[in-house]
Each structure stands twice: as structure tokens, then as C-alpha cells.
Amino acid sequence: MLKAILGAARDVYTYRYFNDPRKAPRYRGVYPTYRSAEKALPRGKVQGFNAEAVPDYFLKTAFALNPGDYPVLFWLSQILEAGSGVFDLGGGLGQCYYTYRDFLAFPPGIHWVVCDVESLIERGRALAEERRATDLSFTNDPSQANGAQILLSNGALHYIEPDLSEMLGPLAALPHHILINRVPMYSGEPYYTQQNTHHSYSVNKVMNESQFVRRLEELKYERVDAWTLPRTLHVPFHPERFVKNFRGFYFRLTGR
């Protein structure tokens with residue numbers, strides 16, 4: 001009974017301070033679709049990632065190595081080759097490119113493409129020009145992942161509406177390698193929730209891990225590695241939706 005009382009008190013506190021930026025990230029509500037969660041986002045507030053406040057926030061906070069990225073660094077060190085094309089889905093301002101090159105010796109001739117919303121790629125292009133990053137470019141077209149050697153999505157996949165398998169399915173030439181990191185997944189029913197993300201309010205997708213893996217296997221990918229990260233996701237008043245750990249994966253196209 002004491003555990004139940006403490007849990008209810010935490011839920012009330014978390015729910016009450018959902019709008020306090022000092023308490024972010026916070027989550028609220030469980031929704032069956034992306035659209036229903038999007039319609040419930042607070043009105044009169046910055047919504048999503050396509051807003052001026054978002055690149056400003058990223059410039060201040062996103063250019064330090066996240067300890068949860070070490071598995072990604074390891075696998076990139078194994079699969080990056082001269083002339084490799086990296087498609088960075090949800091890559092913001094290119095922060096992975098800038099951060100990782102301080103820890104990895106990028107082979108010659110690589111081309112790193114960041115795919116994101118307009119506000120971020122506009123600022124990202126200006127930053128790349130300022131830093132003379134000639135092997136970094138930007139797009140808002142996910143279909144440009146076609147033919148890439150490596151698809152990377154780090155801490156972003158849960159903010160993107162289509163499933164990864166739906167984005168990859170129509171491509172004529174699938175990426176040879178897929179690295180996914182810092183994504184909330186669990187063993188229950190998939191759902192959507194609202195998130196106060198410091199800089200804005202966004203829809204957050206929580207996926208079923210087995211379903212996510214199975215859909216990529218149907219595209220002829222094999223799971224080479226998987227890891228958990230010490231981050232949780234708690235939606236007040238929905239203990240059955242609790243995410244104990246965020247996830248990361250390395251998939252390789254069968255036959256390579």
C-alpha cells in the first residue's frame with residue numbers, strides 16, 4: 001500500500017510540473033496515433049522541432065559526447081570505409097559528425113548527410129560553411145538514404161512519425177548497415193505520448209522492441225548487436241507503459 005501511495009504521489013507531482021522547463025523531460029498522456037498525440041500538445045507553446053528555439057538549444061547543449069554513444073562509436077570504427085556515405089536521420093545540426101570525428105579517424109572520401117526538419121538543416125548548413133565541413137550536407141528528404149552505406153539515427157527515431165521500415169521499404173538500394181541509438185522501447189503495446197523536451201513540446205513514439213526488430217528482419221536485415229541505456233520513460237498514471245531502458249541496435253543487410 002505504501003508503494004502504491006508513493007507511486008500515486010509521484011504521478012501527481014510529475015503531471016503537475018509537466019509544463020515546467022526546469023523539470024523536463026516530462027511525459028503526459030497515452031495516445032493510439034501520432035495525430036491524436038499531436039492534437040493534444042499544449043496550445044500557444046512551441047511545438048515540434050521545426051522552430052527557431054530548437055537549433056538555438058542544440059547549439060548550446062548537443063556538441064558533447066553522450067556516454068550512451070560509445071556502442072555507436074565502436075561499430076562505426078568497424079564499418080566506416082573510404083568513400084562511405086552516412087545518412088544521419090534526425091541528425092540535427094550535424095552534432096554526431098562533429099563530435100565523432102574527435103574520437104574516430106574518419107577515412108578519406110566519406111560523405112555525411114543529415115536529414116532533419118527545415119529549421120535545423122538551415123542552421124546546420126550555415127554552421128558547416130562556417131566550420132568548412134565540406135563532407136557534410138543536409139536534406140529534409142528521407143528517400144536520400146537510398147544507396148547509403150550506413151544509416152544512423154541517434155536519439156531521434158522516436159520523434160519521427162513513420163516507422164523506419166516504412167521509410168526504408170520503397171528504397172531501391174537499402175543501406176548496408178543501420179545504427180539506432182537512444183530510443184525508448186519496451187515489450188508492451190506501442191503508443192504515443194507528449195513530451196516536454198526543454199526547447200518545445202513534441203510527440204514521442206514508444207515502440208515495441210520485438211515488432212521493430214521483426215519489421216527490419218522482413219527487409220532482410222540481421223541484428224548484429226543490441227544494447228540498453230540507463231534512461232527511463234515514465235508516463236504519469238500509466239505504470240503499464242513504463243520504459244525501463246532506452247535501446248540501441250546494429251543491423252546489417254543480409255549477405256554483406
Restricting to non-hydrogen atoms, name the atom on [X] and the atom on [Y] that form the minimum distance, rounded to 0.1 Å.
X: M167; Y: P162; value: CE-O, 3.7 Å
X: N208; Y: P190; value: CB-CG, 3.9 Å
X: P55; Y: A51; value: CD-O, 3.0 Å
X: S77; Y: L104; value: CB-CD2, 3.7 Å
X: F138; Y: A128; value: CE1-CB, 4.1 Å
X: A40; Y: Q194; value: O-OE1, 3.2 Å

Going by heavy atoms in the side chains, are [X] and [Y] under 4.5 Å from each other?
X: I121; Y: R123; answer: no
X: H111; Y: S137; answer: yes
X: E81; Y: P107; answer: no
X: L65; Y: F103; answer: yes
X: M207; Y: Q211; answer: no
X: T228; Y: R247; answer: yes
X: F87; Y: Q144; answer: yes
X: I150; Y: P175; answer: no

Just wondering, are more than 12 heavy atoms of other shown residues or ligands nearer than 6.0 Å to [atom1] in [X]?
X: E161; atom1: CD; answer: yes
X: E166; atom1: CD; answer: yes
X: R43; atom1: CZ; answer: yes
X: E209; atom1: CD; answer: yes

[X] side chain to [Y] backbone, donor-acceptor under 3.5 Å:
X: Q149; Y: G85; answer: yes
X: N204; Y: Q195; answer: no
X: K205; Y: T33; answer: no
X: K220; Y: L253; answer: no
X: T193; Y: R28; answer: yes
X: Q95; Y: L93; answer: yes
X: S200; Y: G48; answer: yes
X: D163; Y: S165; answer: no

Residues H234, Y27; criterion side chain to side chain donor-acceptor pair (under 3.5 Å); working and verdict: CA-CA 7 Å; H234 166 244; Y27 305 90; over 6 Å; no
What side chain to side chain donor-acceptor pair (under 3.5 Å) pairs are there with at least one residue in residues 178-189, not counting sequence neighbours? D69-N181, D69-R182, N154-N181, N154-R182, N181-W227, Y186-R241
Could you grab the distance from atom [atom1] of [X] to atom [atom2] of [Y], nearest 0.5 Å is fine?
X: R132; Y: T134; atom1: CZ; atom2: OG1; answer: 10.5 Å
X: T99; Y: N66; atom1: OG1; atom2: CG; answer: 9.5 Å
X: R101; Y: I110; atom1: CZ; atom2: CD1; answer: 9.5 Å
X: L233; Y: K244; atom1: CG; atom2: NZ; answer: 15.0 Å
X: R131; Y: L127; atom1: CZ; atom2: CG; answer: 4.5 Å
X: Y201; Y: Q47; atom1: OH; atom2: CD; answer: 10.0 Å

Check whether the ring centres of F49 and Y159 lie less than 6.0 Å apart, and answer yes or no. yes
Aromatic contact, F249 with F212 (centres under 6.0 Å): yes
Given the options L164, I180, V114, V113, L89 meets side-chain contact (heavy atoms from CB on, under 4.5 Å) only with L164
Dump the intermediate steps for side chain to side chain contact (heavy atoms under 4.5 Å, CB included) on C115 and D88, then the final yes or no. CA-CA 6 Å; C115 181; D88 189 354; over 6 Å; no
How are the rings of [X] and [Y] set relative to one another: parallel (under 30°), tilted (30 to 60°) or perpendicular (over 60°)?
X: F251; Y: Y221; result: perpendicular
X: Y57; Y: H198; result: parallel
X: F106; Y: W112; result: parallel

With the threshold set at 4.0 Å, does a side-chain nitrogen-carboxylate oxygen contact exist between E217 and R223? no
Path from V46 to V203 over hydrophobic side-chain contacts below 4.5 Å: no
Determine whether T197 and V54 satisfy the following criterion, side chain to side chain contact (heavy atoms under 4.5 Å, CB included), listing intermediate values before the conclusion. CA-CA 10 Å; T197 58; V54 179; over 6 Å; no
Set out, in order, the CA-CA distance, both residues' side-chain angles and the distance that settles side chain to side chain contact (heavy atoms under 4.5 Å, CB included) for V30 and F237, then state yes or no. CA-CA 10 Å; V30 170; F237 311 115; over 6 Å; no
Would you please test I178 and L216 for side chain to side chain contact (heavy atoms under 4.5 Å, CB included) and show each step? CA-CA 10 Å; I178 296 177; L216 287 178; 4.3 Å; yes
Determine, step by step, whether T139 and D141 satisfy the side chain to side chain donor-acceptor pair (under 3.5 Å) criterion, reporting the C-alpha distance in whole Å, the side-chain angles of both residues, the deciding distance to 0.1 Å, and the verdict. CA-CA 6 Å; T139 182; D141 181 6; 5.2 Å; no
Sole candidate of Y100, Y70, Y250 that passes ring pair (Phe, Tyr, Trp, His ring centres under 6.0 Å) when paired with W75: Y250
Does a donor on one side chain and an acceptor on the other come within less than 3.5 Å for N140 and E118? yes
Step by step, would you call E38 with Y192 a side chain to side chain donor-acceptor pair (under 3.5 Å)? CA-CA 9 Å; E38 187 177 46; Y192 299 86; over 6 Å; no
